[in-house]
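Beneath this line is the structure, given in structure tokens, with notes to follow.
Bear in mind the structure is a predicted one, so any value in this text is a computation, not a measurement. All values below come from the heavy atoms of this structure, side chains included, with hydrogens, waters and symmetry mates left out. Each chain gets a letter, A, B and so on, in the order the sequences are listed, and its residues count up from 1.
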Amino acid sequence: MKYIKSAIRWFFDTAEALLGLAFPANWNPMLNLGALGFFFYWIITASGIYVYVFFDTGVHHAYSSIEYMTNEQWYLAGIMRSLHRYASDGLIIVVMLHIAREFALDRYRGVRWFSWATGVPVMMLIFVAGISGYWLVWDKLAQYVAIVSTEWLDVLPIFGEPIARNFMSTAALESRFFTLMIFMHIAVPLIALALMWMHLQRVTKPRINPPRGLAIGAFLSMLGLSLVYPATSHAPADLSQVPGDVALDWFYLPLFPLLENLPGPVTWAACATLVLIMAVMPWLPPLKKAAPAVVDLANCNGCARCFNDCPYNAISLVARSDGLAFEREPVVDPQYCVSCGICAGSCPTSMPFRRVSALSPGIDMPDRTMADIRQNVLDVSETLEGSGRIMVFGCTSAMQIDKLKSSKFGIIKLNCIGQLPPAFVDYVLSRNLADGVVLTGCRENSCHARYGVRWTQDRLARVRDPQLRNRVPRERVKTLWAGCSGGKKLAATIEEFSAELAQMGPVDMKRRAKPVPDPMLESADA
Amino acid sequence: MHNLLRYAGQAIFLAVIAAFIGYFSSHPVYRQMPEGMAQIKLSFAHGAKRLVDCRKLTSKEIAKLPANERRPNTCARERIPIHVQLAVDGEILYDDVLQPTGLSNDGAAQTYRKFLVPAGAHTISARLTDSKRSEGFDYESEHRVTLKPLQNLAVDFKADTGGFSFN
Ligand code: SF4
Ligand code: SF4
């Protein structure tokens, strides 16, 4: 399992990096798979509604109504039909990639089981919807799909009479199955949509719309394809003949030749096993759950930053219960908490400068406390020597940063880079614990904990609290977002940065104007 | 220039994806059946005779029944298995005994089978027994047909329309 994951992860890392050469970071298709899925869903819905207007729902006239759209009204209904098909193919591609990526990034276990458990049925429903769609054209491909799927269903002893008998001969053909398929083709995507909505329930600020540029690009490519290579039908279905050669849509029907040729019990057993494995995957093996974030009310001023920054809706704000003069207090739901530590990184009381009181923030990670991190920084700085010393803060989900450890480079590992309050950068430089600081983590938009990289960038850019203080010399702070395969790039970057720092000489932070205020007292006074 | 290159890169990527989708949405073509072959599809659902014949109830037995269930006959529900055979040009391709369906074995026996045969002239014989007879068949039909390549000949059975039909 571990090796499969690393192989898939390598694939995605490489694809992201290559696409990153052409696409701006937030447009990278690999980082917008879920959002592209929604986008294709809307294209399918809009084109489907249009096509339905001209579609004759009786089995004997369905084919000619679609031929009319494709040939007579090719400029609109024909294009809509093609868009309907190609966006459906696009949907399957992005959904499969999305599942593979979340699997490789280990984003399906632990508290994230919910997204997996709601996402996998969506994938199955999309297949069912697509297959039922091919049925409705009632051409030779539809005939093939109808016969193979009903024969396959007949393997299960649930129908009194084999349902495939409906397609024995033209004389036996009735519209009832066809009507059922139309109903399924409309109902199944609606059920999928409801599940897609549930799928997003445990994440904050889910990205359901791709960036406009990417959406336009994706739409134009589907439109171009529809114009250059419009979707067409086979010859009309004829039950007195075997369909013969069929141009299968390999995105939706790749298993049909197997269903047709392998014994039914074998294919059913294989499918049931696959579904079972997919269903229990989040617990295979169960994720060793790190301890969830813990609130320490004595150090919390109810500022709500942790609530705003948590990427998983794990924090709620409730009325203050400890009698302190603040309105609200955060409460962590351990069920939803993935232990990323981003909340601790956002807390104004995560202040490494605190001397009077111990470093215990309003919210902290029991397995990797702020006090630990500060001690770690102090210990590591003792081992650094020479000029061009760098303190590297990195997360455990991205590249292996341990290897960089040397007498010049100190390594501090965090649950997520978002766990680092910017005050630590200030602390390292103002206390001369190193000559420069590097922050590294997952690729932009690809953060394992969703928003760690983004919040960190915003904090450094002083557009999100807690902000990096103005006095920190920016030339001594570098960030590198490179995912798990960026080890070499990071090594090269810090070597180069170290040389630059050596030239700059020791840090001079005499600009330090006033002592850092105690956020508890400050807010309480206010 | 740099931006132009990036736009070109994006366009190329999206075009490649579109081409990928366009190609695999209908290629490679799948051949369902070897060339020059035709198919015979035998399928029916038919309830055979009851295993035990109905018999008249004695007046004593009728009297014992609750008033709303009194009837002159009693019939066991279980049906006889069906013996079916399909032969093409004298060669038996299918010979089976089909058990009745249902929890009490009282439902129709059913089958759904497909056979590939070379296209051309054939004599197709279908036979079926749904009674207790031990020799011969209750229904027997022979059909001479010239099958075209890819033709699908449906062999159905309906007792009330006289037995086998070939479509
Ligand atoms: S550790 Fe992460 S998931 Fe848990 S409460 Fe904090 S921000 Fe939310
Ligand atoms: S003080 Fe810290 S723990 Fe309290 S609400 Fe603000 S960020 Fe959350």
With a 4.5 angstrom heavy-atom cut-off, could you sort out which part of A/Phe167 is near chain B: side chain, backbone, both or neither?
backbone
How would you list, by chain and number, every residue that makes a salt bridge (charged side-chain N to carboxylate O under 4.0 Å, His left out) with B/Arg55, sequence neighbours excluded?
B/Glu61
Please flag which part of A/Ile147 lies under 4.5 Å from any non-hydrogen atom of chain B: side chain, backbone, both or neither.
side chain
Could you give the distance from CG (A/Leu31) to CG (A/Leu19), rounded to the nearest 0.5 Å?
8.5 Å
Give the atom names and distances for all donor-acceptor pairs closer than 3.5 Å across chain B and chain A.
| residue | atom | partner | partner atom | Å |
| --- | --- | --- | --- | --- |
| B/Arg6 | NE | A/Leu21 | O | 3.3 |
| B/Arg6 | NE | A/Ala22 | O | 3.3 |
| B/Arg6 | NH2 | A/Gly20 | O | 3.2 |
| B/Arg6 | NH2 | A/Phe23 | O | 2.7 |
| B/Gln10 | NE2 | A/Ala22 | O | 2.8 |
| B/Phe24 | O | A/Trp250 | N | 2.9 |
| B/Ser26 | OG | A/Tyr229 | OH | 2.9 |
| B/His27 | O | A/Trp250 | NE1 | 3.1 |
| B/Pro28 | O | A/Trp250 | NE1 | 2.8 |
| B/Tyr30 | N | A/Val246 | O | 2.7 |
| B/Tyr30 | O | A/Val246 | N | 2.8 |
| B/Tyr30 | OH | A/Glu260 | OE1 | 2.8 |
| B/Tyr30 | OH | A/Asn261 | ND2 | 3.1 |
| B/Arg31 | NE | A/Asp245 | OD1 | 2.8 |
| B/Arg31 | NH2 | A/Asp245 | OD1 | 3.4 |
| B/Arg31 | NH2 | A/Asp245 | OD2 | 2.7 |
| B/Gln32 | N | A/Gly244 | O | 3.2 |
| B/Gln32 | OE1 | A/Gly244 | N | 3.2 |
| B/Gln32 | NE2 | A/Glu260 | OE2 | 3.1 |
| B/Ser43 | O | A/Arg165 | NH1 | 2.8 |
| B/Ser43 | OG | A/Arg165 | NH1 | 3.2 |
| B/Gln110 | NE2 | A/Gly160 | O | 2.3 |
| B/Tyr112 | OH | A/Glu151 | OE2 | 2.6 |
| B/Lys114 | NZ | A/Glu151 | OE1 | 2.9 |
| B/Lys114 | NZ | A/Glu151 | OE2 | 3.0 |
| B/Leu150 | O | A/Val242 | N | 2.6 |
| B/Asn152 | N | A/Ser240 | O | 2.7 |
| B/Asn152 | ND2 | A/Leu239 | O | 2.9 |
| B/Asp156 | OD1 | A/Arg165 | NH1 | 3.3 |
| B/Asp156 | OD1 | A/Arg165 | NH2 | 3.4 |
| B/Asp156 | OD2 | A/Arg165 | NH2 | 3.4 |

How long is the gap from CD1 on B/Ile40 to CG on B/Leu116, to the nearest 0.5 Å?
9.5 Å
Region of B/Ala45 in contact with chain A, defined by heavy-atom distances below 4.5 Å
both
Does any backbone or side-chain atom of A/Met168 lie under 4.5 Å from a heavy atom of chain B? Answer side chain, backbone, both or neither.
both
Under a 4.5 Å heavy-atom cut-off, does chain B meet the side chain of A/Leu21, its backbone, both or neither?
backbone
With a 4.5 angstrom heavy-atom cut-off, is it the side chain or the backbone of A/Ala231 that approaches chain B, or both, or neither?
neither
Over all heavy atoms of both residues, which pair between A/Leu223 and A/Leu83 is shortest? Give the atoms and the distance, please.
N-CD2, 3.9 Å
Can you tell me if B/Arg71 uses its side chain to pair, donor with acceptor, with the backbone of B/Glu69 under 3.5 Å?
yes
Anything in residues 130-137 of chain B with a heavy-atom distance to chain A below 4.5 Å? Please list those residues in order.
none
Can you tell which part of A/Pro254 gets under 4.5 Å to a heavy atom of chain B, answering side chain, backbone, both or neither?
neither
So, taking the atom named CD1 in B/Ile124 and the one named CG in B/Leu93, what distance separates them when rounded to the nearest 0.5 Å?
9.0 Å
List in chain and number order the residues that pass ring-ring contact (aromatic ring centres under 6.0 Å, His included) with B/Phe13, two or more places apart in sequence or in another chain; answer none if no residue qualifies.
A/Phe23
Could you tell me which portion of B/Pro149 (side chain, backbone, both or neither) has an atom closer than 4.5 angstrom to a non-hydrogen atom of chain A?
backbone
Which region of A/Leu18, side chain (C-beta onward) or backbone (N, CA, C, O), has a non-hydrogen atom less than 4.5 Å from a non-hydrogen atom of chain B, or is it both or neither?
neither
Rounded at 0.5 Å granularity, tell me how far CD1 in A/Ile126 sits from CG in A/Leu91.
4.0 Å
Are more than 12 heavy atoms from other residues, nucleotides or ligands located less than 6.0 Å from atom CZ of B/Arg70?
yes
Of A/Gly90, A/Gly217, A/Gly224, the largest count of non-hydrogen pairs under 4.5 angstrom with chain B goes to A/Gly217
Does B/Val155 form a side chain to side chain contact (heavy atoms under 4.5 Å, CB included) with B/Phe44? I'd like the steps, not just the answer.
CA-CA 8 Å; B/Val155 183; B/Phe44 59 80; over 6 Å; no
Rounded to the nearest 0.5 Å, how far does CG of A/Leu258 lie from CG of A/Leu253?
12.0 Å
Does the side chain of B/Val88 reach to within under 4.5 Å of the side chain of B/Phe115, using non-hydrogen atoms?
no
Please check this pair: side chain of B/Arg50 against backbone of B/Glu78, looking for a donor-acceptor N/O pair closer than 3.5 Å.
no
Interatomic distance, B/Arg127 atom CZ to B/His83 atom NE2 [nearest 0.5 angstrom]
9.5 Å
